[in-house]
Structures are given as structure tokens and as C-alpha cells.
Amino acid sequence: MGTEASASAVDLLRSQIPFQTDGELLLPPRGVGLVLIDLCNGFCTVGAGNLAPVAPNKQIEKMVGEAVRLSKLFCDRNWPIFAFLDTHYPDKPEPPYPPHCIIGTGEENFVPDLEWLEKEPNVTIKRKNCIDGYISCIEKDGSSVFTDWVGKYQIKTVLVLGICTDICVFDFASSTLAARNIDRVPPLQDVVIYSEGCATYDLPVEVAINIKGALAHPQDLMHHIGLYMAKGRGAKVVDRVVVEP
């Protein structure tokens, strides 16, 4: 599908399943936490693995840039950050996806622009071994490092950035909202997804048809669908994030 045809398909989709964003999020001085989902080499760094981009990608580059900007803003103010990093053992596959983010490969680590987060005292890092970050935080005894983090910092709003919009970001938002609805993550009230701080992968139909078992995954369409579905589950979707002066 050519560029013009792809743009037309996105426009058609948006006309059929439109949604209105919630505009701008003005970060309050307290009660907000930043959640970063899988800003790791295996999903974001060109050529880093089976699920990494094969060429520079503007949507992913913008996401990383916004993650850096907001991470610095939160760290400068000592506000809480919860960072998920997709991490797997070689003998624990995650179908339907090929091996990715295997421990020791480097794919499972922060992208270079965010490596500094590992040393920040306000950052909690969770290496997740499944698609849904919320589920990955639940231990066998029922405890949850994410729930504990929300309670410790009395977080009422989580601001979510990351990849993939329609997979890990959507799953996390959906599960967190379901948990909120039955009072499992007090005092959380809102899950806010920053559209410009999210991205997904691109697998055009003309490429997918030549890969056995592959499903086409046009980037702009699936990004829109991910945001649309999250909005339908009760998430807020914003296209600007600013801090109170």
C-alpha cells in the first residue's frame, strides 16, 4: 500500500471510529505518577532484535523524545516514575511473538537516551515477563509492586507513555482501569494516555502477506485503534502534557 493509500485508509478509519481527545494534561504538583512501558532496545532501537524497527521510525523516535522530556521533568521534581521493561528467559516463549527481549541480549534494557533512569531514586523499575504490565506485577501471594507504588505515593493519576499503543499500553490501561473500578489500586482515579508519547510497530500488508502466519499491522491505523479502544475502556487520551508554572 503506497503512502497516499495508507493515508486515505487512516482518514477513513478515523471518520468511522472517531474519538475526541481530552486535550491537555496540566500536571498537578502532587498525586501524579509517570508510567513508562517498554522503552527498551528490543522494541525501539533500529535493528536490535526480532521486534525492533528495521529502519528509523518517526513515531517511535517522537515517543522516545517525549519520554525523555517528561522523565527529566519528573526527576527534576522528584516525582514518582514506574518503568516497565519487557524481559524474558530463553526457555519461556511468549506466543504469538518470536523471541524478544531475552535476558542478556541487551534488548531488555532501556534505550540509550533513557539509561540514566536506572540511577534515579524516584524511579521504580519492573522487568515484566508478559504483555500486560499490570498482571506482571502480581505476585503469587497476591501482592503487587504496582499497587504498592500507587499507594506509597498516593497517586491519583497515572500518565502512561510507551510501546505498543495497541498491545502493551492498551493491556496495561485496560487492566488498571478494571482494577480501579473494584478498588484494587487506591487511591488511583485516572489513567491518562499521552498519544504523542506512544507508538506501535509497522508491518505493512504488502510485507505481511509474504510472512507465513503474520498479521498486517499498519502503524498509524493500529495506533489510532489502540487509543480508541483505551478511550472506550475509560482511559483519558491527551495530546499535550504541560506542568503548572
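All values below come from the heavy atoms of this structure, side chains included, with hydrogens, waters and symmetry mates left out.
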Pairwise side-chain contact, Asp166 with His217, heavy-atom cut-off 4.5 Å (strictly under)
yes
With hydrophobic residues grouped by side-chain heavy-atom distances under 4.5 Å, do Ile167 and Ile193 end up in a single group?
no
Can you confirm whether Arg30 is buried at CZ, in the sense that more than 12 heavy atoms of other residues, nucleotides or ligands lie under 6.0 Å from that atom?
no
In the single-linkage hydrophobic clustering (I, L, V, M, F, W, Y; side-chain heavy atoms under 4.5 Å), do Val68 and Val243 co-cluster?
yes
Do Phe82 and Phe84 have ring centres separated by under 6.0 Å?
yes
Min side-chain heavy-atom separation Thr87-Cys40 under 4.5 Å
no
Heavy-atom donor-acceptor pair, Glu196 side chain to Met63 backbone, under 3.5 Å:
no
Can any side-chain N or O of Lys128 pair as donor or acceptor with the backbone N or O of Cys130 at less than 3.5 Å?
yes
Mark yes or no for whether Asp202, through its side chain, and Pro218, through its backbone, hold a donor-acceptor pair below 3.5 Å.
no
Rounded to the nearest 0.5 Å, what's the gap from SG on Cys168 to CG on Asp132? Could you check?
8.5 Å
Would you compute the distance between atom NZ of Lys126 and atom CH2 of Trp149 and round it to the nearest 0.5 angstrom?
14.5 Å
Let me check something: do Val238 and Leu36 share a hydrophobic cluster, defined by ILVMFWY side-chain heavy atoms less than 4.5 Å apart, either directly or through other members?
yes
Single-linkage hydrophobic cluster Phe110~Ile103, side-chain heavy atoms < 4.5 angstrom:
no
Strictly distance-based, threshold 3.5 Å: is any side-chain N or O of Ser144 a donor or acceptor partner for the main-chain N or O of Thr147?
yes
Mark yes or no for whether Ser174, through its side chain, and Asp171, through its backbone, hold a donor-acceptor pair below 3.5 Å.
no
Heavy-atom donor-acceptor pair, Asn57 side chain to Gln59 backbone, under 3.5 Å
yes
Any idea which heavy atoms bring Gln219 and Thr200 closest together, and the distance?
NE2-O, 2.7 Å
Is Lys231 salt-bridged to Asp22, cutoff N-O under 4.0 Å?
yes
Over 12 non-hydrogen atoms of neighbours within 6.0 angstrom of CG in Leu215:
no
Atom CZ of Phe74 and atom CG of Leu27: how far apart are they, to the nearest 0.5 Å?
5.0 Å
Glu108 side chain to Cys101 main-chain N or O, any donor-acceptor pair under 3.5 Å?
no
May I have all residue pairs that pass side-chain hydrogen bond (donor to acceptor under 3.5 Å, both in side chains) and include part of residues 221-230, sequence neighbours excluded?
Thr165-His223
Polar contact flag, side-chain donor to acceptor under 3.5 angstrom, Glu66-Tyr194
yes
Testing the 3.5 Å rule here: is there a donor-acceptor pair between the side chains of Asp239 and Ser195?
no
Is there a donor-acceptor pair closer than 3.5 Å between any side-chain N or O of Glu120 and the backbone N or O of Leu117?
no
CG (Asn109) and CD1 (Ile125) are apart, to the nearest 0.5 Å, by 9.5 Å
Hphob cluster co-occupancy, Leu70 + Ile60, side-chain heavy atoms under 4.5 angstrom:
yes
Compute whether any side-chain donor of one residue and acceptor of the other, for His100 and Glu94, lie under 3.5 angstrom apart.
yes
Is the number of heavy atoms from other residues, nucleotides or ligands under 6.0 Å of Arg184 CZ greater than 12?
no
Are the side chain of Ser15 and the backbone N or O of Leu12 linked by a donor-acceptor pair below 3.5 Å?
yes
How about Asn129 and Ser136: does a side-chain donor come under 3.5 Å of a side-chain acceptor?
no
Gln20, CD atom: more than 12 neighbouring heavy atoms under 6.0 Å:
no
One pair to check against side chain to side chain contact (heavy atoms under 4.5 Å, CB included): Tyr201 and Leu203. What are the steps and the verdict?
CA-CA 7 Å; Tyr201 70 94; Leu203 184 60; 4.0 Å; yes
Output for pair (Ile37 CD1, Leu85 CG), nearest 0.5 Å, gives 11.0 Å
May I ask you to decide if Leu188's main-chain N or O and Arg180's side chain share a donor-acceptor pair within less than 3.5 Å?
no
Between Arg233 and Asn181, do the side chains contain a donor N or O and an acceptor N or O under 3.5 Å apart?
no
What's the spacing between Leu161 CG and Leu34 CG if we round to 0.5 Å?
6.0 Å
